[in-house]
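The next block holds one structure in the form of structure tokens; read it before the comments.
Positions are given from 1, in the same order as the sequence printed here. Indexing begins at 1, ligand by ligand and atom by atom, following the structure's order.
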Amino acid sequence: MENWAVVVAGPPSNQLLLLNPSRNSAVIKLLPTPPPLLTHRTFLSPLPLKLQKQTPFASCCSCNGNGNALRVASPSSNVTTELADIDWDNLGFGFMSTDYMYIMKCSQGENFSKGELQRFGNIELSPSAGILNYGQGLFEGLKAYRKHDGNILLFRPEENALRLRMGAERMCMPSPTVEQFLEAVKVTVVANERWIPPPGKGSLYIRPLLMGSGAVLGVAPAPEYTFLIYVSPVGNYFKEGLAPINLIVETEMHRATRGGTGGVKTIGNYAAVLKAQSAAKAKGYSDVLYLDSVHKRYLEEVSSCNVFLVKGNVISTPAIKGTILPGITRKSIIDVALSQGFQVEERSVTVDELLDADEVFCTGTAVVVSPVGSITFLGKRVTYGIDGIGRVSQQLYSALTSLQMGLTEDKMDWIVELK
Ligand code: COI
């Protein structure tokens, strides 16, 4: 493939569009199955990302079940991009495989380098891998949005990079630099562009993983690490959609303890909530709200998101003290609320305060801003609002999502444009 740049691979999956800039020519190549690996370097060089987007899939058709290819605008040209052939109107928060994933490895004591894009697929791990045996792993979550003008937007991706680095330090893992993380996210999103939902239909959820992939037997950091990014188009996280969710306060099981790993996004934190969450769902609740493990009195967070309550003009949320995940949406909502004139308090919030709140809502990358319709604590059910979403939750949801989707001016400088 010397002098040829792989620009896009369109459906069917064995087609590659190759550009030769020196000869100013392009060819479609049919690949043997399975297709060869696309290295990060090959994918990017020598053409800038922008050029890649100006070249549409040449001979492939993505049909929306009825023979009509779905196309969306690409920026700065009259070229359109074909979308994947899925039901964009009914996206939930379920895994869907896409075209590419990103992989970068390093040994313990070394630094990450030379990541590459690969066809999405299963990965091979030693049964003795650190992640499988001792849970040495972290994940991140962020989203890409498609704008009407074809641009693709990421929301505060450097915050995810920094949080991953913080978590890696706690879990004794090497981590990609912020620059490596951002570059990896960008190339993975661009390579999977046809899976980004049309504006208003959802987003592309980006899931970076960092794991001890080397083999260990005794409890110790793994000798090798893998950084991987995969993506999946998503809609609303809760089956309720944007309708208020119903939470139950868990009084026996805890999500995190002082000195533990609740404040980093390690995979084990999420396995730990499954029992309480499953029991709650079996009783018809949407999810579980956890209390602190010492006093069993202060709010912590919900299984997959942070929690806020509203009383008059004051918005309160549990302070980050090691047991609560420092959510990027949490942080953003605090800033948005302050900019709108609310008073925001990060402090210890008692479960009793829930009984007296005007509104309660949850925040997270996956859930965005999710209004809470009711909370059940020790058999007592408190409801919020008369017929649905509280005014403040609605206001903050609109402000945040308008920013994320590029519908309002980005005064906070939070948006990264990919084109
Ligand atoms: C996210 O909001 O990205 C999360 O990490 C939640 C996830 C557990 C679904």
Side-chain angles (χ1 to χ4, degrees), residues 91-96 131 135 137-145 153-168 170-171 181 184-185 188-189 196-197 202-211 227-242 245 247 250 255-256 261-278 280-281 286-290 300-308 317-318 320 323-334 361-372 396-397 400-401 404 414:
L91 289 176
F93 199 89
F95 169 72
M96 198 179 285
I131 181 129
L138 290 164
F139 73 93
E140 275 300 325
L142 64 159
K143 284 175 171 171
Y145 293 86
L153 308 181
L154 298 175
F155 185 70
R156 309 189 78 177
E158 67 288 346
E159 292 289 335
N160 296 88
L162 290 167
R163 190 170 64 181
L164 185 77
R165 287 182 66 78
M166 187 183 76
R170 175 66 178 84
M171 302 298 289
F181 180 98
V185 166
T188 312
V189 169
I196 307 175
S203 58
L204 188 72
Y205 187 75
I206 305 160
R207 174 54 67 84
L209 299 173
L210 180 62
M211 62 187 118
F227 174 65
L228 187 154
I229 303 180
Y230 69 90
V231 297
S232 191
V234 296
N236 294 321
Y237 184 78
F238 288 113
K239 71 170 172 30
E240 288 82 351
L242 292 179
I245 57 171
L247 300 177
E250 170 60 49
R255 178 189 168 275
T261 55
V264 298
K265 222 164 165 55
T266 186
I267 56 172
N269 291 346
Y270 296 82
V273 302
L274 296 178
K275 189 170 165 73
Q277 191 194 50
S278 306
K281 288 194 173 177
S286 321
D287 216 319
V288 175
L289 174 55
Y290 296 91
E300 295 251 307
E301 62 181 85
V302 178
S303 306
S304 59
C305 44
N306 297 113
V307 66
F308 286 75
T317 191
I320 302 290
T323 54
I324 293 171
L325 189 83
I328 294 159
T329 311
R330 173 189 179 280
K331 183 173 171 174
S332 307
I333 280 295
I334 290 174
F361 61 87
C362 296
T363 64
T365 299
V367 309
V368 192
V369 175
S370 195
V372 175
L396 295 174
Y397 171 85
L400 184 75
T401 52
Q404 291 174 324
W414 284 345

Check: Using the benzene-type ring in the case of Trp, are the ring centres of Phe139 and Tyr270 under 6.0 Å apart?
Finding: yes
Check: Which pair of non-hydrogen atoms, one from Cys362 and one from Leu247, has the smallest distance, and what is that distance?
Finding: SG-CD1, 4.1 Å
Check: Going by heavy atoms in the side chains, are Ile267 and Ile131 under 4.5 Å from each other?
Finding: yes
Under 3.5 Å, N/O to N/O: give me all the pairs between ligand 1 and the protein, one per line with atom names and distance.
| from | atom 1 | to | atom 2 | distance (Å) |
| --- | --- | --- | --- | --- |
| ligand 1 | 2 (O) | Thr365 | N | 3.2 |
| ligand 1 | 2 (O) | Ala366 | N | 2.7 |
| ligand 1 | 3 (O) | Tyr205 | OH | 2.5 |
| ligand 1 | 5 (O) | Lys265 | NZ | 2.5 |

Checklist line | Aromatic ring proximity Phe93/Tyr205, centre distance under 6.0 Å | finding: yes
Notebook entry, point to check: Between Met166 and Pro326, is any pair of side-chain heavy atoms under 4.5 Å apart?
Noted result: yes
Margin query: With heavy-atom distances below 4.5 Å as the criterion, would you say the side chains of Cys305 and Thr363 are in contact?
Written below: no
